[in-house]
Amino acid sequence: MHAIEVSGIRKVFGEGSHATWALSGIDLRIRKGQAFGLLGPNGAGKTTLIYILSTLLTPTSGRGRILGYDIIRDPDEVKKRTGVCMGGTYFYWDLRPREILNYFGRLYGLDSSTRKRNIDSLMKRLGIHRFENKEFGLLSTGMRQKVAVAKSLLNDPEVLFLDEPTAGLDVGVALEVRNFIMDLIQERDMTVILTSHHLGEVEQMCRRIAIINQGRFVEEGMIKDIRDSLSIPDVIRLCLEKYTNLEFLERIPGVIHYGVSDGLFITVDSGRDTIAPVLAALKRRRIAVKDVEIRKPSLEEVFLTVVGRKSTIPRKSEEGAR
Amino acid sequence: MIREASAHFYKQWKIMSRRPGEMAWIAVHPLISILSLGILAYFVSTGGASPETMLFVLAGVIVWNIYDASQRAISYGITLDIWSNCLKHTFTGSSSLPGFVLGNALYGLFSMISITLVTGILAIALFGFNIFMAGFYLVNFLFVFIFAAGMGLVINSLMVVKGEKYMSLMWILTGVIMIFSGVYYPIEILPGPVQAVSLAVPATHSIISLRASLGFSPEIAGTELLIGAALSLAYFAFGALLFRWAIKRSKITGMLTRY
Ligand SMILES: Nc1ncnc2c1ncn2[C@@H]1O[C@H](COP(=O)(O)OP(=O)(O)OP(=O)(O)O)[C@@H](O)[C@H]1O
Ligand SMILES: [Mg+2]
């Protein structure tokens with residue numbers, strides 16, 4: 001069984017000429033224990049999808065099941081088993097972290113011993129106990145976000161939605177939060193949907209992603225497969241003893257072009273296929289090679305290629321207007 | 001449901017106890033209204049009006065403070081979340097309506113009991129008026145409370161559907177209802193059509209019943225109690241249904257996730 005199954009989800013906000021199509025037909029299946037990354041530019045519909053899955057928004061049409069429970073008909077069953085963490089979360093300004101967690105623990109219906117155990121353990125692991133006597137309004141962004149992460153895990157969720165969980169955090173705190181979540185995913189076999197503008201984070205946590213633009217998935221699959229299918233050129237970087245008389249490189253099949261700056265950069269169709277002939281040619285000319293590196297396209301390049309290429313799809317509301 | 005209710009009570013209790021201004025509403029505000037209106041009534045009765053005028057007004061003051069605090073407690077269940085921009089987080093937990101109403105109502109009940117005691121004792125000490133003489137008819141407070149909870153849910157519905165712009169309605173509505181329900185005067189002195197509206201307000205009947213039991217006209221105390229009870233329950237049911245619909249609606253329009 002899939003932990004998350006969604007088909008034909010559409011969401012429109014407002015009516016008539018003010019209508020905004022936030023999502024126009026999303027299909028998605030995620031297996032239990034998988035971490036799934038959702039990428040897309042601002043306003044693409046990521047948060048809207050997360051809200052729909054966590055039953056805070058009702059889709060205009062389409063169906064969804066989480067762990068077998070219908071998101072529209074059984075929202076309480078869904079909520080019991082899921083956790084939601086958003087970036088830039090606010091809680092009650094006058095309450096202290098433990099009080100906030102206590103409130104949510106009660107809302108989730110946890111009995112007092114489970115509540116205490118979970119709160120203690122989350123506060124300890126996230127280092128919240130270090131500022132537990134401060135009211136929420138006095139906490140820094142990073143401290144607040146740790147409370148938000150703790151809140152999302154209070155009910156031992158089987159499915160976790162993370163919407164930009166490390167937005168606004170410094171590198172150290174972001175790393176701490178990310179590692180903590182990754183440990184938990186391992187420990188508990190959690191299913192996760194992560195949205196982030198920090199593509200390195202997505203690449204570190206997820207193997208499967210979707211790129212969403214203007215309310216539609218424009219690409220979906222394993223990161224590796226998407227990268228291969230896009231045929232974005234690789235780059236071979238070489239450190240040589242000297243950088244003269246290199247014109248012969250252009251005649252090697254698979255080489256697109258080359259340039260010299262801080263080393264020799266050769267843009268090629270496929271790093272794996274072209275590296276051998278390049279090295280052989282250099283050897284024949286007695287040019288010593290000190291260092292070699294093949295750079296696959298970064299997720300940033302993948303993202304920009306996909307979003308740039310497909311952003312011309314007209315939106316539903318525009319289609320209607322014409 | 002009990003644990004969820006305890007969550008809502010816990011939230012209000014903790015937040016309110018950190019806010020001296022809010023706590024004053026259940027202690028200082030009743031004191032102010034008892035003093036100002038009690039003295040006014042005393043002044044009027046020394047000027048030739050019947051001595052019962054004072055008792056009449058004091059009973060109204062006490063009931064009104066109870067209404068105000070109860071409505072406030074239910075509305076704060078949503079208002080505090082909107083102020084703190086975390087309404088959506090509350091709804092990631094269980095959103096059982098009975099739990100929400102019960103928890104916030106319990107806080108309202110706590111305020112109501114404090115207010116009854118504060119105003120009741122002050123009225124005895126300052127003016128020799130003992131509201132507790134109403135005995136069984138003090139149960140009218142409970143129906144005022146239920147009516148106030150219903151109106152609190154109506155305001156919550158407005159806030160959830162229309163947004164925080166409607167928050168000040170919370171305070172205005174109390175005043176409007178006060179005018180109609182004859183808190184400080186018998187509704188008979190109002191013009192005919194206004195009287196008709198007054199009779200549709202449950203609190204009008206509860207106040208009449210309470211006063212009647214204190215010796216104004218004991219024979220109608222029972223009937224008015226029943227009318228007040230039935231109307232209060234009807235208003236409460238309407239408020240609860242409206243709130244349920246409002247939450248559904250706000251998940252469609254996206255208002256819920258804005259806060
Ligand atoms: N509650 C709402 N009411 C009305 N419109 C909304 C609401 N929430 C989102 N939208 C609209 O839906 C579209 C998608 O927004 P969404 O927040 O899902 O984007 P996103 O992918 O999360 O963007 P970002 O990366 O900036 O967070 C936007 O056009 C937005 O204005
Ligand atoms: Mg977003």
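Computed over heavy atoms, backbone and side chain alike; hydrogens, waters and symmetry mates excluded. Lettering of chains follows the sequences in order, A, B, ..., and the numbering in each one begins at 1.
To the nearest 0.5 Å, the span separating OH on A/Tyr92 from NE2 on B/His89 amounts to 9.0 Å. To the nearest 0.5 Å, the span separating CE on A/Met86 from OG1 on B/Thr257 amounts to 8.5 Å.
For the pair B/Arg3/A/Tyr108, no side-chain contact is recorded, criterion being any heavy-atom separation below 4.5 Å from C-beta on.
The two residues A/Lys79 and B/Thr92 have their closest heavy-atom pair at CD-O, 3.4 Å. Closest of all the heavy-atom pairs between A/Leu107 and B/Ala7 is N-CB, 3.6 Å. In plain terms, the two heavy atoms of A/Phe13 and B/Thr253 that are nearest each other are CD2-O, 3.6 Å. Summarising the geometry of B/Lys14 relative to A/Leu95, their closest heavy-atom pair is CB-CD2, 3.5 Å, with the distance given to 0.1 Å. Listed here is the closest heavy atom pair of A/Phe91 and B/Ser84: O-CB, 3.7 Å. The minimum heavy-atom distance linking A/Arg106 with B/Ser6 is given by the pair NH1-OG, 3.1 Å.
Looking at B/Leu256, only its side chain comes within 4.5 Å of chain A, counting heavy atoms on both sides. In this structure, no portion of A/Lys80 lies under 4.5 Å from any heavy atom of chain B.
Taking chain B as the reference chain and counting heavy-atom pairs below 4.5 Å, the highest number among A/Thr89, A/Asp94, A/Leu110, A/Val12 is found for A/Asp94. Interface check for chain A: of the options B/Cys86, B/Gly99, B/Gly103, B/Gly254, the most heavy-atom pairs under 4.5 Å are formed by B/Cys86. Among the candidates A/Thr82, A/Val84, A/Asp111, the residue making the largest number of heavy-atom pairs closer than 4.5 Å to chain B is A/Asp111.
With a 6.0 Å radius and a threshold of 12 heavy atoms from other residues, nucleotides or ligands, A/Tyr90 has its OH atom at or below the threshold. Sparse packing is recorded around CZ of B/Arg244, with 12 or fewer heavy atoms of other residues, nucleotides or ligands lying under 6.0 Å away. Within a 6.0 Å radius of CD in A/Glu15, other residues, nucleotides and ligands contribute 12 heavy atoms or fewer. Crowding of B/Trp83 atom CH2: a count of heavy atoms from other residues, nucleotides or ligands under 6.0 Å exceeding 12.
In this structure, the salt bridge (Lys or Arg N to Asp or Glu O under 4.0 Å) partners of B/Asp81, at least two apart in sequence or on a different chain, are B/Lys11.
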Would A/Trp93 and B/Ile15 count as a side-chain contact (heavy atoms from CB on, under 4.5 Å) here? Give the steps.
CA-CA 9 Å; A/Trp93 292 70; B/Ile15 294 180; over 6 Å; no
Side chains of residues 145-165 of chain B: which donor-acceptor partners sit under 3.5 Å, not counting sequence neighbours?
residue, atom, partner, partner atom, Å
B/Asn156, ND2, B/Ile74, O, 3.2
B/Ser157, OG, B/Leu153, O, 2.7
B/Ser157, OG, B/Phe243, N, 3.3

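Applying a 4.5 Å heavy-atom cutoff, the residues of residues 129-160 of chain A that approach chain B are A/Glu135, A/Lys151. Identified by a heavy-atom distance below 4.5 Å to chain B, the contributing residues of residues 45-72 of chain A are A/Tyr51, A/Thr55, A/Leu56, A/Leu57, A/Thr58, in residue-number order.
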